[in-house]
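Worksheet for the structure shown next.
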Amino acid sequence: MEQNMGLRFQNRSAASRDGADGGIQDGRDEDAGSRLEEARSLRALHVLDHLARAQHPPTLAQLAQRLAMPKTTLMRLLAAMQRAGFVAATPVERGYVPGPQAGALALATLRASAYTRACRAVLAQLAGTLGETCNLTAPDGDRVIYMERVETAEPLRLIFAVGSHVPMHCTASGKLFLASMSRLERARVVARLPLTRNTPRTLTRPEQLEEELERLAARGIGIDNEEFVRGMSAVAVPVRDEEDRVVAAVACHAPTARVMLDDLLRAVPVMQRAAEAMREVFSQRAAAG
């Protein structure tokens, strides 16, 4: 105790010797204040980063604990982010997920960089090999978002603009993302999905979809057998990050009048090589960032 008291007195004396205004101590206070202000300004980004990486929607209490943030402060921040569309609440689980504005911001950031050109180059090579439209997709909340795509030159094709959203339960990419989840997480997501019937082949019963997802999990791919659009089939393969998590998908879809599903399935090895190239692009992006 005496040693600590002595140290405080020494610091106080040193501060007084450095000027009547205590310049050194004031400088330290200003630095601490700047760091505190910086931490406050980054809170929303830390929340978004955590939500984007979470395996399932965290609750307010879980977020507060993991981010070491007071609940009342976090509640106000989440409410503001929700009003702005950067965060969305999941009523059933009372958790939080990234909102539509977060997806739009991520997409705009990715498209305004060399990263986009690298992604398009991978897709262009794959589309040139297969002769059909190829896409880079990612999960966005409970839907799938088209991050990038290269269209086929054929006149008969299905057109979706980059940034468009499609359902999870009836698309190749969406079913791949669902199949890659743990069974518990998958059951939670499927329980809150609107299993809308888009074609006669759409799986609208949870038990049917679960059986299909188990089969796809074993194969490591996603398949749309005319489940989203009549006369259109698709296959998707995973793009994994450095921790081997499925973060995106490379998908190819084609009209059955020109290409049968079996033809797309035979192209899976080629698509997997493209997914590995896409993984390298992602890794370079992460290293640069």
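All values reported here derive from a predicted model rather than from experimental measurement. Positions are given from 1 along the sequence.
- Side-chain contact between T171 and L176 is absent, with no heavy atoms from C-beta onward closer than 4.5 Å.
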Next on the checklist: salt bridge (Lys or Arg N to Asp or Glu O under 4.0 Å), that's the test. Do R183 and E214 meet it? Break it down for me.
Outcome noted: CA-CA 9 Å; R183 290 178 178 174; E214 281 292 318; 3.1 Å; yes
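- Looking at heavy atoms from C-beta onward, L51 lies in side-chain contact with V87 at the 4.5 angstrom threshold.
- Rounding to the nearest 0.5 angstrom, the gap separating the OG1 atom in T137 from the CE atom in M147 is 8.5 Å.
- When every heavy atom of T152 is checked against every heavy atom of G131, the shortest pair comes out as OG1-O, 2.8 Å.
- Between V190 and L209, the closest side-chain pair of non-hydrogen atoms falls below 4.5 Å.
- Of the options R201, K175, R197, a salt bridge (Lys or Arg N to Asp or Glu O under 4.0 Å) to E227 is made by K175 and by none of the others.
- Here R143 does not pair with D140 in a salt bridge; the nearest charged N to carboxylate O distance is not below 4.0 Å.
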Next on the checklist: With side-chain contact (heavy atoms from CB on, under 4.5 Å) as the criterion, how do L193 and L178 come out once you've worked through the C-alpha distance, each side chain's angles and the decisive distance to 0.1 Å?
Outcome noted: CA-CA 11 Å; L193 289 179; L178 289 171; 4.2 Å; yes
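- The main-chain N or O of M69 is never found under 3.5 Å from a side-chain atom of T73 such that the two would form a donor-acceptor pair.
- Across all their heavy atoms, C170 and F228 have their closest contact at O-CB, 3.3 Å.
- Counting non-hydrogen atoms of other residues, nucleotides and ligands closer than 6.0 Å to CD of Q65 gives a total of 12 or fewer.
- To the nearest 0.5 Å, atom CG of residue L63 and atom CG of residue L78 are 6.0 Å apart.
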Item to check | From CA spacing to verdict: side-chain contact (heavy atoms from CB on, under 4.5 Å), V259, M232 | outcome: CA-CA 9 Å; V259 177; M232 188 72 61; over 6 Å; no
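- When all heavy atoms of L74 and A64 are compared, the closest pair comes out as CD2-N, 3.4 Å.
- Here the straight-line distance linking atom CG of L60 with atom OH of Y96 works out to 5.5 Å at 0.5 Å rounding.
- At least one donor-acceptor pair closer than 3.5 Å links the side chain of T256 to the backbone N or O of G231.
- Classification of E210 and R186 as a salt-bridged pair holds, one side-chain N sitting under 4.0 Å from a carboxylate O.
- A heavy-atom distance below 4.5 Å is found between the side chains of L265 and I221.
- The heavy-atom pair separating M278 from V250 by the smallest distance is CE-CG2, 4.3 Å.
- Atom CZ of R66 is surrounded by more than 12 heavy atoms from other residues, nucleotides or ligands within 6.0 Å.
- Side-chain atoms of L126 and V270, non-hydrogen and from C-beta on, do get closer than 4.5 Å to each other.
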Next on the checklist: Pair L77, V47 - check side-chain contact (heavy atoms from CB on, under 4.5 Å), show working.
Outcome noted: CA-CA 9 Å; L77 179 60; V47 170; 3.9 Å; yes
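- Inter-residue side-chain proximity for L67 and H50 is flagged as met; some heavy-atom pair is nearer than 4.5 Å.
- Shown here is E151, whose CD atom has more than 12 heavy atoms of other residues, nucleotides or ligands within 6.0 Å.
- Side-chain atoms of F86 and P98, non-hydrogen and from C-beta on, never get closer than 4.5 Å to each other.
- To the nearest 0.5 Å, atom CZ of residue R245 and atom CE of residue M181 are 13.0 Å apart.
- Side-chain atoms of P139 and V144, non-hydrogen and from C-beta on, never get closer than 4.5 Å to each other.
- Residues D224 and H253 have side chains that never bring a donor and an acceptor to within less than 3.5 angstrom of each other.
- A single hydrophobic cluster is seen to contain both F177 and F160, as judged by linkage of ILVMFWY side chains at heavy-atom distances under 4.5 Å, directly or through other members.
- Between the side chain of S173 and the main chain of A236, no donor-acceptor pair closer than 3.5 Å is present.
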Checklist entry - Stepwise, does the side-chain contact (heavy atoms from CB on, under 4.5 Å) test hold for L264 with C252? => result CA-CA 8 Å; L264 292 179; C252 179; 3.9 Å; yes
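- No side-chain N or O of E226 forms a donor-acceptor pair with one of T199 less than 3.5 Å apart.
- Following chains of ILVMFWY side-chain contacts shorter than 4.5 Å, one cannot reach M168 starting from V97, and the two form parts of different hydrophobic clusters.
- Considering every non-hydrogen atom in both A118 and V281, the closest pair reads CB-CG1, 3.8 Å.
- No donor-acceptor pair closer than 3.5 Å links the side chain of R149 to the backbone N or O of L136.
- With R279 contributing its side chain and D241 its backbone, the two residues share a donor-acceptor pair below 3.5 Å.
- Counting only N and O atoms by type, the side chains of E242 and S283 include a donor and acceptor under 3.5 Å apart.
- Ion pairing of R215 with E212 is present here, as a side-chain N (NZ or NE/NH1/NH2) and a carboxylate O approach within less than 4.0 Å.
- M75 and L48 end up in the same hydrophobic cluster when Ile, Leu, Val, Met, Phe, Trp and Tyr side chains are linked at under 4.5 Å.
- From T202, atom OG1 reaches atom CD of Q208 across 10.5 Å, with rounding to the nearest 0.5 Å.
- Annotation: R258, atom CZ; neighbour count of heavy atoms from other residues, nucleotides and ligands within 6.0 Å is above 12.
- Between P57 and Q62, the closest heavy-atom pair is O-OE1, 4.3 Å.
- Note that NE2 of H165 is 11.0 Å distant from CG of D142, once rounded to the nearest 0.5 Å.
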